[in-house]
Structures are given as structure tokens and as C-alpha cells.
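For reference, the structure discussed in these notes is given below.
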Amino acid sequence: MANFRDTILEGYPAKVFKNRKDHIVELEGEDNPIEANRRTVPGIITSRGCCYAGCKGVVLGPIKDIVLITHGPIGCGYYSWLTRRNKARPGSNGLDLIPYSFSTDMQESDIVFGGVNKLAKAIDEAVEIFHPRAVFITATCPVGLIGDDINAVAAAAQKRLGVQCVAFSCEGYKGVSQSAGHHIANNQFVKYIVGTGEERKMGKYPINILGEYNIGGDAWEIERILNKIGYDIVCTYTGDASVDDMRNANRAELSIVQCHRSINYIAEMIETKYGVRWMKINFIGLKGTMESLRNMAKFFGDPELIERTEQVIAEEFALIEDQFNAHKERLKGRTAALYVGGSRSHHYQILLNDLGISTILAGYEFGHREDYEGRKVLPFVKEDADSKNIESITVEPDEKNYHMYIPKEKAEELSKEMELDYYNGMFYDMKDGNVAIDDLNHYETEMLLEKLKPDIFFSGIKDKFVAQKNGTLSRQLHSYDYSGPYAGFNGALNFARDVDMGVHTPTWTLVEAPWKKNPMLVGEVLGG
Ligand code: CFN
Ligand code: HCA
């Protein structure tokens with residue numbers, strides 16, 4: 001009998017077969033190369049977004065005290081308006097501009113004669129009305145095609161108005177997915193934002209939280225736990241963020257990286273430029289949260305902090321343990337398929353595992369090979385708590401992506417057990433026989449539901465309703481539907497409750513997909 005991969009591939013014409021065959025992998029043994037971060041087959045109905053979505057929507061979108069202007073026809077601004085559930089509330093400067101969508105609303109005449117004057121006018125008007133802390137301008141496809149110089153407009157506006165204006169050339173067509181937009185945003189941050197802050201008194205254990213966008217309030221739950229332990233959170237990139245806090249990222253001692261795809265570039269650049277060390281963490285799932293907190297405490301190496309961390313873990317866990325276990329009882333043994341952007345399809349396996357749910361298929365929309373296959377952990381040794389003198393012990397000399405920091409005396413011992421799962425790629429948490437699909441499309445989604453029959457399909461708005469009409473529960477892992485937070489201790493409990501409700505709703509006895517009752521039209525290749 002053909003395996004699942006072959007069954008999918010059989011349905012494709014030769015050219016598509018050739019393109020897709022290395023994006024689908026049935027896992028076996030240690031070495032499972034997968035094709036990723038490649039251009040999508042045109043017309044195949046991918047769930048990916050564009051470069052503008054990654055820059056404007058994902059990385060810049062959650063900053064609350066800037067005016068974020070979309071330079072382009074109205075559609076791009078409109079469709080990226082309030083769809084991502086990145087929550088915010090006004091900070092000390094009273095500004096929360098997240099509910100607004102600013103756009104130059106380019107018309108045909110702007111495309112023909114150029115849109116720079118309209119952009120300059122839009123900046124003047126927005127600054128006059130809203131008094132933002134900065135103006136960020138993002139480009140959509142036509143802007144690059146007609147050659148509007150948004151950098152020059154930004155520089156002139158900054159001079160004219162005395163407010164920082166930064167342009168992001170993130171035209172949608174650049175790169176192969178939203179991943180290109182993340183990179184463009186990160187580059188401009190390092191060039192124009194990091195290191196421009198006013199001196200501030202630093203508390204104990206100052207940290208940056210990178211790659212946490214406060215979807216459904218995740219960042220608030222993570223910050224609650226870290227504040228309780230005693231960390232000084234310098235800034236969050238970019239959930240509920242104030243640009244003035246972001247300017248001080250260079251003053252932290254450690255950057256923790258929650259999203260392992262969209263912001264790893266900036267972590268590395270801040271380390272190179274300012275010496276701020278970074279480590280990957282994962283606050284999704286109880287095991288992920290506890291190990292992340294313990295690793296952070298180990299980085300600072302202060303016995304008081306280590307003890308306080310254990311105390312908070314014990315307290316927080318005790319508060320949710322009984323309820324969490326009750327949900328687990330009702331959920332264990334179920335199967336899930338996970339398909340999200342570039343990070344969560346791995347992170348959520350850890351939370352599902354806490355609930356006894358096994359992941360039988362997982363994939364990313366735009367992850368890179370290392371997000372799947374992982375790399376060996378590279379530990380750095382901290383000489384002592386006060387010293388900035390870092391010495392490294394190399395596990396894999398050539399691979400400097402996954403690293404963490406530990407006190408020197410622990411180095412040798414810990415390096416042996418350093419394979420902490422969430423520092424590795426997605427495959428580390430999967431088993432032989434599980435399937436991984438990169439850049440899943442709608443045809444493959446339908447095949448997956450029909451052949452593998454997962455109990456739950458975790459994905460996004462574009463796939464959700466196909467699954468549900470087919471009788472399979474679908475929870476959105478981008479927006480959490482209308483729920484959240486899902487991070488940290490309280491988030492894990494919210495997630496368990498939502499999945500339990502979803503799985504056990506009587507709705508499933510009432511749903512029957514139309515194609516189960518009526519004959520479907522089947523296409524035939526003429527002359528084939
Ligand atoms: S919040 Fe993040 S966690 S930033 Fe990224 S890779 Fe998207 S918007 Mo959707 S939910 Fe998703 Fe990740 Fe990082 Fe979100 S898995 S696709 S670009 N993502
Ligand atoms: C994006 C944003 C998105 C889309 C979500 C979805 C998000 O890709 O531009 O497809 O359900 O999280 O809002 O990933």
C-alpha cells in the first residue's frame with residue numbers, strides 16, 4: 001500500500017510532483033532532510049502571506065505608540081487591520097494607536113505620477129493629529145514597482161517635523177513568504193531603534209523578550225511570571241511594545257527569544273553590536289515554561305534567583321495542576337495535526353504533549369530548514385555572575401545558532417545533557433512514522449484530514465472551515481480564535497479548557513460534509 005506521502009504525490013502533474021516531493025517527509029531515524037523556504041507553486045493555494053505581511057503585520061504591527069503608515073492602495077492596509085489579535089493597552093505616554101489603520105490610499109493617478117507627495121502629506125497629518133513617538137512607513141508592491149523613494153520621504157519628514165521617521169522597503173513580492181519581511185523589520189530596528197534610548201536605571205536581571213507579540217495576551221502572562229520572579233523587563237519585541245522601551249534593548253544583559261523564526265536575526269545582531277547574550281526559550285506548555293525559567297536563572301547564575309524561580313514554579317503549578325489534569329484525563333490519547341507559520345507548530349507540540357495528545361503531522365508555512373531539522377546546542381560558559389568575560393565551549397564548532405548560557409562550574413556537566421528539546425528543531429519532538437509537510441496547500445490539507453484523520457487540526461483562518469465542515473475540530477493557533485492567552489501557566493490551562501470543550505462539543509454528531517452525501521465532480525486530464 002502506498003504511504004501517505006506517495007498518495008499525495010500521485011495526484012500531481014509531473015512539474016508539481018517534482019516541486020513538492022521534497023517538502024513532504026515521513027520521519028524515519030535521525031536524518032530527515034526537508035525542502036523549505038522555497039517559492040510556492042503558483043496557483044496551488046498556499047496559506048502563506050507576503051513580505052509586507054511579515055514586516056508590517058507581524059513585527060511592526062504590535063508597537064502601540066507609533067503611526068504605522070501603509071503606503072499603497074487601501075487593500076493591504078485594510079486586510080492587515082486588527083486581524084492578528086496582538087493586544088495592547090496605553091502605556092506611560094498614554095498612546096495606543098493599534099486600533100487605527102493608516103494608509104495613503106494610493107489611486108491610479110498616484111501610481112502613474114508617483115505617490116511621494118501624498119505620503120509626505122499623510123505623515124504631516126498623522127503627526128499633527130496623533131503625536132506619535134515615531135512614524136514607520138511600510139511599502140506595498142506598487143511602491144517598489146513605480147520607484148517611490150520612501151526613504152527620502154522619511155528623512156525629509158523627520159527633519160521637517162522633529163519626529164523619527166523610518167521607512168521599511170517591504171514590498172509584498174520580495175522573498176518567498178512573510179519571512180523576508182521579518183528580516184527587513186529586524187534590520188531597520190538595529191539600524192535606527194536599538195541604542196537610541198534615554199539612560200534608565202536598570203533593575204536586577206535586565207532582559208529583553210524578543211519574538212513575543214502578545215497574541216491573545218501571551219506577553220502579559222509571560223511578563224506576569226517574570227515580574228513575579230524579579231526580572232527587570234527592559235522591552236518586548238514587539239507585543240504591546242512602546243518604541244521608547246525598544247530603544248533600550250542594548251542595555252539588557254540577556255535577550256530571550258520566544259519566536260524562533262521572526263526575530264532570531266535581531267538577537268544575533270544585538271549580541272554582535274552590543275554584547276547582549278541571547279537564548280531561545282519557549283513559554284508554550286508547562287514543561288517549556290518551567291525549563292525556560294530554569295535556563296534563564298542558570299544564565300544569571302545567582303543562587304537567590306535560582307531559588308526564587310523554583311518557588312514561583314511550584315506556586316504557579318500548584319494553582320493550575322488539578323484543573324489541568326482533569327482536562328488531560330479527557331484528552332489523553334487524542335491525535336493532532338499542526339500547521340502554523342514558522343515557530344508555533346513546534347512550540348505547541350510541547351503543550352499537546354503535556355496533555356497526552358500526540359502530534360501525527362506538523363508543518364510550517366515558511367519555516368527554514370533549521371526550524372525543522374534543528375541544530376546542535378552550543379553552550380556558552382559564563383565566567384562568574386559579575387563578569388562579562390564569556391568563554392565558550394563548542395559542541396558543534398560550525399553551528400552557532402542554538403545556544404544558551406550557564407555558570408562555568410556547571411558547564412561540563414550540563415553540556416552532556418544539553419539536548420533540551422525546545423532548542424532543537426521540530427523533528428526533535430516527533431516520532432518515526434509522523435509526517436512533516438512544508439508549505440501545506442489546500443489539496444494536501446484535504447488529503448491529510450481524509451487519510452490521517454487527526455482528532456484536531458490546529459491551523460489558521462484559511463484552513464479552519466474546510467476542516468470543520470469536514471467534521472474535524474479546528475482551533476486557530478495564529479489568533480487563538482477568540483481566546484487566550486495560551487502561554488505560561490494560566491495560558492496552558494486556557495488551552496486545555498478550549499481544546500477539551502472543542503473535542504467534546506456535541507456539534508460533531510450533527511456535522512456531515514456535503515461531499516460525504518453527494519457525488520463529487522472529478523476532473524480528468526484530456527488526452528492524458
Ligand atoms: S505570532 Fe508569530 S510565532 S511571529 Fe510568525 S513565526 Fe506568523 S503571525 Mo501567524 S501565528 Fe505564526 Fe509564528 Fe513567529 Fe504569528 S507561527 S504565522 S509570522 N507567527
Ligand atoms: C499573516 C498573519 C497571520 C495570518 C493568520 C491566519 C496571523 O500571515 O500575515 O492565516 O489565520 O497570525 O494573523 O499569520
Side-chain angles (χ1 to χ4, degrees), residues 36-37 40 45-62 70 76-87 138 140 170 172 175-186 209-219 222 236-241 257-267 280-284 288 338-349 351 362-368 370-372 422 426 438-442 445 457-467 474-482 484-487:
N37 196 28
T40 303
I45 319 189
T46 172
S47 290
R48 279 178 169 179
C50 66
C51 179
Y52 162 83
C55 181
K56 188 270 181 183
V58 173
V59 182
L60 308 183
T70 296
C76 302
Y78 184 78
Y79 284 105
S80 57
W81 183 22
L82 294 182
T83 54
R84 191 155 163 263
R85 297 199 69 237
N86 45 279
K87 295 190 164 201
T138 50
T140 58
C170 56
V176 301
S177 70
Q178 45 273 69
S179 188
H182 303 149
H183 211 150
I184 290 167
N186 283 216
I209 306 177
L210 304 185
E212 174 42 60
Y213 301 97
N214 204 27
I215 308 302
D218 275 355
I222 296 170
T236 302
Y237 272 59
T238 52
D240 192 23
V257 179
Q258 169 67 29
C259 167
H260 295 181
R261 169 45 44 211
S262 62
I263 208 132
N264 41 352
Y265 316 100
I266 204 175
K280 293 192 175 190
I281 44 82
N282 170 30
F283 280 101
I284 302 296
L338 274 161
Y339 182 63
V340 209
S343 202
R344 295 182 174 192
S345 304
H346 183 205
H347 286 167
Y348 275 86
Q349 290 188 35
L351 179 47
Y364 295 126
E365 287 174 20
F366 52 79
H368 297 200
E370 70 200 46
D371 301 317
Y372 289 101
Y422 51 87
M426 173 201 275
D438 175 69
D439 190 14
L440 189 76
N441 57 57
H442 278 211
T445 304
F457 181 45
F458 291 100
S459 67
I461 194 78
K462 297 160 204 155
D463 339 66
K464 179 181 177 87
F465 298 103
V466 174
S474 172
R475 293 287 312 168
Q476 294 187 64
L477 277 193
H478 298 259
S479 64
Y480 306 158
D481 292 277
Y482 306 98
Y486 283 168

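In this text, all values refer to a predicted model and were calculated from it rather than measured experimentally. In each ligand, atom 1 is the first atom listed, and ligand 1 is the first ligand listed.
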- Message: Under 4.0 Å between a side-chain nitrogen and a carboxylate oxygen: does that hold for Arg475 and Asp481?
- Response: yes
- Note on the structure: For Tyr364 and Ser343 the tightest heavy-atom approach is CE2-N, 3.6 Å
- Item | Closest non-hydrogen atom pair, Gln258 against Gly211 | CB-O, 3.5 Å
- Query: Listing by chain and number, what protein N/O/S atoms are under 2.8 Å from atom 13 (Fe) of ligand 1?
  - Reply: Cys259 SG
- Query: Considering only heavy atoms from C-beta outward, does the side chain of Lys87 approach that of Arg85 to under 4.5 Å?
  - Reply: yes
- Indicate whether the side chain of Tyr213 and that of Ser262 have a donor and an acceptor atom separated by less than 3.5 Å. yes
- Message: Under 4.0 Å from a heavy atom of His478: which atoms of ligand 1 are those, numbered in the order shown and with their elements?
- Response: 9 (Mo), 10 (S), 11 (Fe), 16 (S)
- Task: Just do the side chain to side chain donor-acceptor pair (under 3.5 Å) check on Asp438 and Tyr372 with the steps written out, would you?
- Result: CA-CA 9 Å; Asp438 175 69; Tyr372 289 101; 2.8 Å; yes
- Task: State which residue, out of His346, Arg344, Glu370, fulfils the side-chain contact (heavy atoms from CB on, under 4.5 Å) condition with Arg261.
- Result: Glu370
- Task: Please report the C-alpha distance between Ser80 and Tyr52 in whole Å, then the side-chain angles of each, then the deciding distance to 0.1 Å, and finally whether the side chain to side chain donor-acceptor pair (under 3.5 Å) criterion is met.
- Result: CA-CA 9 Å; Ser80 57; Tyr52 162 83; 3.1 Å; yes
As a test of reading the model: which N/O atoms of the protein lie under 3.5 Å from N/O atoms of ligand 2, and at what distance?
| unit_1 | atom_1 | unit_2 | atom_2 | d |
| --- | --- | --- | --- | --- |
| ligand 2 | 8 (O) | Gln178 | NE2 | 2.9 |
| ligand 2 | 11 (O) | Ile461 | N | 2.7 |
| ligand 2 | 12 (O) | His478 | ND1 | 3.1 |
| ligand 2 | 14 (O) | His478 | ND1 | 2.9 |

- Is there a heavy atom of Phe366 sitting under 4.0 angstrom from any atom of ligand 1? yes
- Message: For a quick check under 3.5 Å, do Asn37 and Ser179 share a side-chain donor-acceptor pair by atom type?
- Response: no
- Task: Please check atom 8 (S) of ligand 1 for a protein heavy-atom neighbour under 4.0 Å.
- Result: yes
- Give me the ring orientation class for Tyr480 and Tyr486: parallel if the planes are under 30° apart, tilted from 30 to 60°, perpendicular past 60°. tilted
- Roughly how far, to the nearest 0.5 Å, is the NE2 atom of His478 from the CD1 atom of Ile215? 10.5 Å
